[in-house]
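Order of the sequence lines sets the chain letters (A, B, ...), proteins ahead of strands, with each chain counted from 1.
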Protein chains: 2
Amino acid sequence: MLELAVLGLLNESPMHGYELNKRLKGVLGPFRAISYGTLYPCLNALQAAGYITADDSASEVGVGRRKKTTYKLTAEGKERLQEQLAEGGPSAWDDESFGVRFAFFAQTDAETRLRILEGRRSRLEERQENATSSMSTTRGRLDRYTLELQRHGLESVEREVRWLNELIATERAGVAARPARTRRTATPQTAK
Amino acid sequence: MLELAVLGLLNESPMHGYELNKRLKGVLGPFRAISYGTLYPCLNALQAAGYITADDSASEVGVGRRKKTTYKLTAEGKERLQEQLAEGGPSAWDDESFGVRFAFFAQTDAETRLRILEGRRSRLEERQENATSSMSTTRGRLDRYTLELQRHGLESVEREVRWLNELIATERAGVAARPARTRRTATPQTAK
DNA sequence: GCGCGATGTATCGACCTGATACATCGACCT
DNA sequence: AGGTCGATGTATCAGGTCGATACATCGCGC
């Protein structure tokens, strides 16, 4: 999750932890930043796994120099990123994950984009059912505020579904225009 | 946070951990349930602090009886709940907290309701500014999808602000109708 | 009489957050 | 020059939370 975001950002250009964090909040939401207590351990793990390198540019000029560490993707890191982007499984429809996956859609192939969009939509529809069924169960026994909160929540979900519908339609139109061309030996998909 | 939700729910009626968890998901979002790994430790802490009691109804009929623990608010617990409800500080405008605070608005006095609603709104407006300013900074350098994500996020925030505006208007009208009557010696407010 | 899904309690490792600490840099003020 | 202040930059830790997992009982239908 965070791993994907970091890899994707570093793929655009190498940068410091601090800048990474700022860019991250533009990608994760676009609100909601993550904390350094999460980022730095993640960076260390990524480095240990060989997906990124950490150039410590302080070697010059001896003491007192400000510590700056520039992180860069390795070849393995790029491969890893491609893997992650291609994998559009159920974990990608979560609130948290979806935003990140979507943010890197430009680097994702059309098939995966569609799968993620549709997965997200069905996840949302599932929620609508849960909510409406639980509302009819507790029929009228809630106070005004609780009711209003649920109504607003439900409306938000409906809005997101409509948004997804538009996106899906656009994607399909795009796919129809240049059919299944992703410059890659199409791994034979089991139809539907 | 979770503490408030548990206290508020138990104030309506005593219940088991399992039911508590189900009700919680009706209150926290109304999506997003919390896990038992969070709930039970919290219940234990609450019990240790003397805010709730845990009646273990298995004492009868000897062995093999199914374990059921009914949690109930104590007098201290009710006091604690009132404290928590009255305290409408900055921590209450967070995404997570706000939903819970709102769900118990029926038990909250009008003044606090208004403070929380307005605090939430200013929090949201702050976000709008951040987002729009960072958008003009990175002017045009984002791809189509990132842009679309930000646009949608911003639109959601705008919608919530409008929602809050309506709620605030309603609250004010209500306060105007029965002026400052909360059956409680009005602690002399510094005007405005 | 037997399986199966809902009810019910509980814990553990892995992960994340918010607070905190420390240090340097550039810019502006006096 | 000297000073303060906010942004940049790296890092850790206690405490809280999640998801998975384990166990056991209840009521129901077949």
Side-chain angles (χ1 to χ4, degrees), chain A residues 1-6 14-25 28-29 31-49 52 54-58 60-71 89-91 93-97 100 130 133-134 137, chain B residues 1-6 14-25 28-29 31-49 52 54-58 60-71 89-91 93-97 100 130 133-134 137:
Chain A
M1 232 306 352
L2 211 189
E3 184 188 323
L4 171 61
V6 169
M15 54 183 121
H16 303 163
Y18 186 83
E19 196 187 348
L20 213 31
N21 193 42
K22 277 204 309 181
R23 301 288 237 90
L24 237 23
K25 87 178 61 173
L28 292 159
F31 320 102
R32 161 162 200 77
I34 60 152
S35 74
Y36 293 112
T38 307
L39 180 58
Y40 284 112
C42 176
L43 250 12
N44 290 336
L46 246 18
Q47 189 190 350
I52 63 177
D55 283 351
D56 196 337
S57 66
E60 211 73 43
V61 210
V63 273
R65 209 67 192 87
R66 174 138 160 205
K67 203 201 252 182
K68 275 189 163 194
T69 318
T70 304
Y71 296 96
S91 55
W93 347 127
D94 289 339
D95 289 324
E96 299 291 289
S97 293
V100 181
N130 284 359
S133 80
S134 87
T137 307
Chain B
M1 232 303 358
L2 211 190
E3 185 187 322
L4 172 61
V6 169
M15 55 185 122
H16 303 161
Y18 186 83
E19 195 185 349
L20 213 31
N21 192 42
K22 277 205 307 180
R23 302 288 239 88
L24 236 23
K25 88 178 61 174
L28 291 159
F31 321 101
R32 162 163 199 79
I34 60 152
S35 75
Y36 293 113
T38 307
L39 179 58
Y40 284 111
C42 175
L43 284 172
N44 290 334
L46 247 18
Q47 188 189 352
I52 64 176
D55 284 352
D56 195 337
S57 65
E60 213 72 43
V61 210
V63 273
R65 210 67 193 88
R66 173 137 160 205
K67 201 199 249 181
K68 277 187 162 195
T69 316
T70 305
Y71 296 96
S91 56
W93 347 127
D94 289 339
D95 290 323
E96 299 291 288
S97 292
V100 181
N130 285 0
S133 79
S134 85
T137 307

Any idea which of [options] is nearest the [X] side chain?
{"X": "A:Thr38", "options": "D:dT12, C:dT9, C:dT17", "answer": "C:dT17"}
{"X": "A:Tyr71", "options": "C:dG18, C:dT7, D:dA11", "answer": "D:dA11"}
{"X": "A:Ser35", "options": "D:dG9, D:dC18, C:dT17", "answer": "C:dT17"}
{"X": "A:Ile34", "options": "D:dT10, C:dT17, D:dC18", "answer": "C:dT17"}

So, do A:Thr38 and A:Ser35 sit near enough that their side-chain heavy atoms are less than 4.5 Å apart?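 In contact.
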
Provide, to the nearest angstrom, the distance between the [atom1] atom belonging to [X] and the [atom2] atom belonging to [N].
{"X": "A:Leu2", "N": "C:dC15", "atom1": "CG", "atom2": "P", "answer": "11 Å"}
{"X": "B:Asn21", "N": "C:dT7", "atom1": "CG", "atom2": "P", "answer": "12 Å"}
{"X": "A:Tyr40", "N": "D:dT10", "atom1": "OH", "atom2": "C1'", "answer": "4 Å"}
{"X": "A:Tyr18", "N": "D:dA11", "atom1": "OH", "atom2": "P", "answer": "15 Å"}
{"X": "B:Leu43", "N": "C:dT11", "atom1": "CG", "atom2": "P", "answer": "12 Å"}
{"X": "B:Glu96", "N": "C:dT17", "atom1": "CD", "atom2": "C1'", "answer": "12 Å"}
{"X": "A:Leu39", "N": "D:dC13", "atom1": "CG", "atom2": "P", "answer": "17 Å"}
{"X": "B:Arg23", "N": "C:dT7", "atom1": "CZ", "atom2": "P", "answer": "14 Å"}

Side-chain N or O of A:Lys22 versus OP1/OP2 of D:dA7: is the shortest distance under 4.0 Å?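 For D:dA7, neither OP1 nor OP2 has a side-chain N or O of A:Lys22 closer than 4.0 Å.
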
Handout entry: Nucleotide paired to C:dT30 in any strand shown, Watson-Crick or G-U, under 3.5 Å
Key =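 When the pairing criteria are applied, D:dA1 turns out to be the nucleotide that pairs with C:dT30.
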
Name the pairing partner of D:dT10, where a pair is Watson-Crick or G-U wobble with both distances under 3.5 Å, or state none.
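Paired with D:dT10, as far as the under-3.5 Å criterion goes, is C:dA21.
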
(request) Examine distances only and state if a side-chain atom of B:Thr69 and a backbone atom of B:Ala54 form a donor-acceptor pair shorter than 3.5 Å. (result)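 Pair absent, no side-chain N/O of B:Thr69 close to backbone of B:Ala54.
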
Shortest non-hydrogen contact from [X] toward [Y]:
{"X": "B:Gly17", "Y": "B:Tyr36", "answer": "O-CE2, 4.4 Å"}
{"X": "A:Pro14", "Y": "A:Thr70", "answer": "CB-CG2, 4.0 Å"}
{"X": "A:Ile52", "Y": "A:Leu43", "answer": "CD1-O, 3.6 Å"}

Exercise for the section: Would you classify A:Gly37 as touching base, sugar-phosphate or nothing, given that sugar-phosphate means primed atoms plus P, OP1 and OP2, and contacts are heavy atoms under 4.0 Å? Expected result: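 The answer is base, as A:Gly37 lies within the cut-off (heavy atoms under 4.0 Å) of a base atom.
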
Worksheet item: Taking for each residue the nucleotide of DNA chain D with the nearest heavy atom, is it B:Tyr36 or B:Pro41 whose nucleotide lies nearer the 5' end?
Response: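 Nearest-nucleotide comparison on DNA chain D picks B:Pro41.
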
